[in-house]
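Each chain gets a letter, A, B and so on, in the order the sequences are listed, and its residues count up from 1. Side-chain atoms are counted along with the backbone in the values below, which use heavy atoms only and exclude waters and symmetry mates.
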Amino acid sequence: MALRFFNTYSRRVEEFKPRKTNAVDLYTCGPTVYSRAHIGNFRAYIFEDLLQRHLEARGLKVHRVMNITDVDDKTIRGAREAKIPLQKFTQQFKDAFFEDAEKLRIKPANEYPAATDQKYVDKMIAMIGDLISKGLAYQADDKSVYYRIKSFPNYGKLAHFNLDELQSTGRVKHDEYDKEHVGDFALWKAWDQDDGDVKWDSPWGPGRPGWHIECSAMATALLGDQIDIHCGGVDNIFPHHEAEIAQSEGVTGKKFVNYWLHCAHLLVDGQKMAKSLGNFYTVPDVTAKGFTGRELRYALMRVHYRTQLNFTWDGMNEALESLGRIDDWLERLRGVGENAERPTSNVERQTGSDFEDALDDDLNISAALGFLFETIRETNRAMDEKKLDEKTAAGWLDWWERINQTLRFESDGAELPDDVKKLAEARLQARLAKDFRKSDELRDQLNALGWEARDTKDGQKITRRAGAK
RNA sequence: GGCGGGGUAGCCAAGUGGUAAGGCUGCGGUCUGCAAAACCGCUAUUCGCGGGUUCGAUUCCCGCCCCCGCCUCCA
């Protein structure tokens, strides 16, 4: 089956055809580092991770760029309030971002360009100059440079907005006196006192780049004038990505992006999770409740990226239990097939490609996981009936290795905490002494800590369950 | 008001013009010292509501209701 994605530009599922035979250019909008990214932000990055890994599973070499926005109104304000230099202020959130991304097993991008990097500022200035010379931008009385949206006929095509019908939500303050059209957006923001020493020289005076131009500059600088896929959250469709198209195509005259993919919001209590609403959780908030990064990864990944996902602690428990099912299955399967000769050349033939086929269909993760869990039930049944031979088990283990490159759901086999280890040891001794009263008491104590003792033919097994610290 | 996404069991969630995947939870059974895990069984005659097309619709068409998002610096 061919790869297909829903393209925001056409509002249709389209067959994916990369420009190059075996390579894909992927640009993903990264965080604005004015505070720690929340798990709603990470939902988008996890969707992009799934996308990248699946493209790779299909044999495509992915060149991924993720920008870091380290200068804007909020970062400047934050640095000013903290009374520290902008660089120092943003660095802590950059560090936190990479730390969290690693916990969620997100594959690093090839480049993380920063908006404050002089070479990209130079590129932005060059693009703005070019837009002015083409009549697509102008400097207003407030010294800022704005994009003249009425001169770019395709403006509004991505968001499917009619410019004359735009209605202000009042969310953003407009300086309407300076602009030719309310919709004109800033390419270069003239310096003012609140900016302190945050400024760059330009032909239009001191100032700093507008938000949108940074992505146009960095994307074209690192990936070229045209790129295959550009991703982000749905809230980036307008105005951010619409502006990127206007800027990039205004300069190059070429189609900027072939496929626009956007991820729906993470909700909490049925509302969008957003810093501005204060209803958000960060990765450390979730791990502080006793959940791991891979459990959060599962919880954020298991719902199709274009469907809004309501974040709940019940959902986290479901993730934990579901992963436990996978863990138990793998352990059991390894008991049967680990030492068998791997039928490497026949894995695909033996196990099929249902999992990958499902993901080909606009990343249908629910269907893909459906196949995984059906497989688990069927192979467990075969093992119960002692009908799963070594070689078949080994084949399924290879299949798992393959799909786990995309899912990255496997347990990293963390060590047991010392108190748990002690209780488990004591319980083992009690059981050997056939002191079941005591062993049951110890099991209750383990349960209270969020761990479960289970007796198998291979001895006692300790498993983490919901609420473990 | 304009433009999107969505409404499928207790919860989460696939899916198809031909009679509802999967996960979590709950209950019963096998197994077990007892449990757990695993497996088996049960849990939507029904897919927001009302019409229409059709031999047949949850799926296509029309109308309506509800939820969420975007509408110029939010992933």
Take atom [atom1] of [X] and atom [atom2] of [N], then tell me their distance rounded to the nearest Å.
{"X": "A:Arg36", "N": "B:C74", "atom1": "CZ", "atom2": "C1'", "value": "19 Å"}
{"X": "A:Phe311", "N": "B:A13", "atom1": "CZ", "atom2": "C1'", "value": "17 Å"}
{"X": "A:Arg306", "N": "B:G6", "atom1": "CZ", "atom2": "C1'", "value": "11 Å"}
{"X": "A:His265", "N": "B:C68", "atom1": "NE2", "atom2": "C1'", "value": "10 Å"}
{"X": "A:Leu388", "N": "B:C39", "atom1": "CG", "atom2": "P", "value": "13 Å"}
{"X": "A:Leu158", "N": "B:C71", "atom1": "CG", "atom2": "P", "value": "13 Å"}
{"X": "A:Leu330", "N": "B:A37", "atom1": "CG", "atom2": "C1'", "value": "14 Å"}
{"X": "A:Asp384", "N": "B:C31", "atom1": "CG", "atom2": "C1'", "value": "9 Å"}

Expressed in whole Å, how much space separates the [atom1] atoms belonging to [N] and [M]?
{"N": "B:C31", "M": "B:A36", "atom1": "P", "answer": "14 Å"}
{"N": "B:G52", "M": "B:A44", "atom1": "C1'", "answer": "25 Å"}
{"N": "B:C47", "M": "B:U59", "atom1": "C1'", "answer": "10 Å"}
{"N": "B:C67", "M": "B:U25", "atom1": "C1'", "answer": "25 Å"}
{"N": "B:C74", "M": "B:C68", "atom1": "C1'", "answer": "15 Å"}
{"N": "B:A14", "M": "B:G23", "atom1": "C1'", "answer": "11 Å"}
{"N": "B:G41", "M": "B:U46", "atom1": "P", "answer": "23 Å"}
{"N": "B:G10", "M": "B:G4", "atom1": "P", "answer": "33 Å"}

Centroid-centroid distance, A:Tyr147 to A:Tyr138, less than 6.0 Å =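 No, they do not, as the ring centres are separated by 6.0 Å or more.
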query = Below 6.0 angstrom between ring centroids: does that apply to A:Phe409 and A:Tyr298?
reply =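 Centroid separation for A:Phe409 and A:Tyr298: below 6.0 Å.
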When you get a sec, tell me which of [options] is the closest nucleotide to the side chain of [X]?
{"X": "A:Arg302", "options": "B:C12, B:A21, B:G33", "result": "B:C12"}
{"X": "A:Glu374", "options": "B:G22, B:C71, B:C68", "result": "B:G22"}
{"X": "A:Glu318", "options": "B:C34, B:C24, B:C74", "result": "B:C24"}
{"X": "A:Arg443", "options": "B:A37, B:C71, B:C34", "result": "B:C34"}
{"X": "A:Gln308", "options": "B:G22, B:G69, B:C74", "result": "B:G69"}
{"X": "A:Arg427", "options": "B:G23, B:G33, B:A37", "result": "B:G33"}
{"X": "A:Phe373", "options": "B:G22, B:U72, B:C34", "result": "B:G22"}
{"X": "A:Asn380", "options": "B:C39, B:C24, B:U72", "result": "B:C39"}
{"X": "A:Lys272", "options": "B:C74, B:G23, B:G4", "result": "B:C74"}

Under 4.0 Å between any heavy atoms, over every strand shown, what does [X] touch: base, sugar-phosphate, or nothing? Just pick one.
{"X": "A:Ala453", "answer": "base"}
{"X": "A:Gly40", "answer": "base"}
{"X": "A:Asp328", "answer": "sugar-phosphate"}

Residue met sooner reading RNA chain B from 5', once A:Phe6 and A:Ser322 are mapped to nucleotides =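 With A:Phe6 and A:Ser322 compared, the 5'-side residue is A:Phe6.
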query = Can you tell me the Watson-Crick or wobble partner of B:C3, both distances under 3.5 angstrom?
reply =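 Matched B:C3 with B:G69 under the 3.5 Å cut-off.
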task = Searching all strands shown, indicate the nucleotide that pairs with B:C24 (Watson-Crick or G-U wobble; both distances under 3.5 Å).
result =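 For B:C24, the partner nucleotide comes out as B:G10, under the 3.5 Å rule.
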key: Atom pair CZ (A:Arg208) and CG (A:Asp192), whose distance is rounded to the nearest 0.5 Å   =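 So the gap between those two atoms works out to 7.5 Å.
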Would you say [X] reaches [N]'s phosphate, i.e. side-chain N/O to OP1/OP2 under 4.0 Å?
{"X": "A:Arg325", "N": "B:G23", "answer": "yes"}
{"X": "A:Lys74", "N": "B:C74", "answer": "yes"}
{"X": "A:Gln271", "N": "B:C67", "answer": "no"}
{"X": "A:Arg381", "N": "B:C40", "answer": "yes"}
{"X": "A:Thr456", "N": "B:A38", "answer": "no"}
{"X": "A:Arg377", "N": "B:G22", "answer": "yes"}
{"X": "A:Asn364", "N": "B:G15", "answer": "yes"}

task = Classify the side chain of A:Asp455 versus the base of B:C34 as yes if they form a donor-acceptor pair under 3.5 Å and no if they do not.
result =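 Donor-acceptor pair under 3.5 Å: yes.
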key: A:Lys461 side-chain N/O to A:Arg454 backbone N/O, donor-acceptor pair under 3.5 Å   =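 Side chain of A:Lys461 to backbone of A:Arg454, a donor-acceptor pair under 3.5 Å: no, none is there.
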message = Looking at every non-hydrogen atom in both residues, tell me the closest pair between A:Ala299 and A:Met316 and how far apart they are.
response =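 Looks like CB-SD, 3.7 Å.
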request  = State whether the number of non-hydrogen atoms from other residues, nucleotides or ligands found under 6.0 Å of A:Glu102 atom CD is greater than 12.
outcome  =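 12 or below, so no.
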message = Using a 6.0 Å cut-off, check whether atom CZ of A:Arg12 has over 12 heavy atoms from anything other than its own residue.
response =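 Atom CZ in A:Arg12 is not crowded, with 12 or fewer foreign heavy atoms closer than 6.0 Å.
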ask   = Do A:Lys157 and A:Phe152 meet the cation-pi criteria used here (NZ or CZ under 6.0 Å from the six-membered ring centre, within 45° of the axis)?
value =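 Pair A:Lys157/A:Phe152 does not count as cation-pi.
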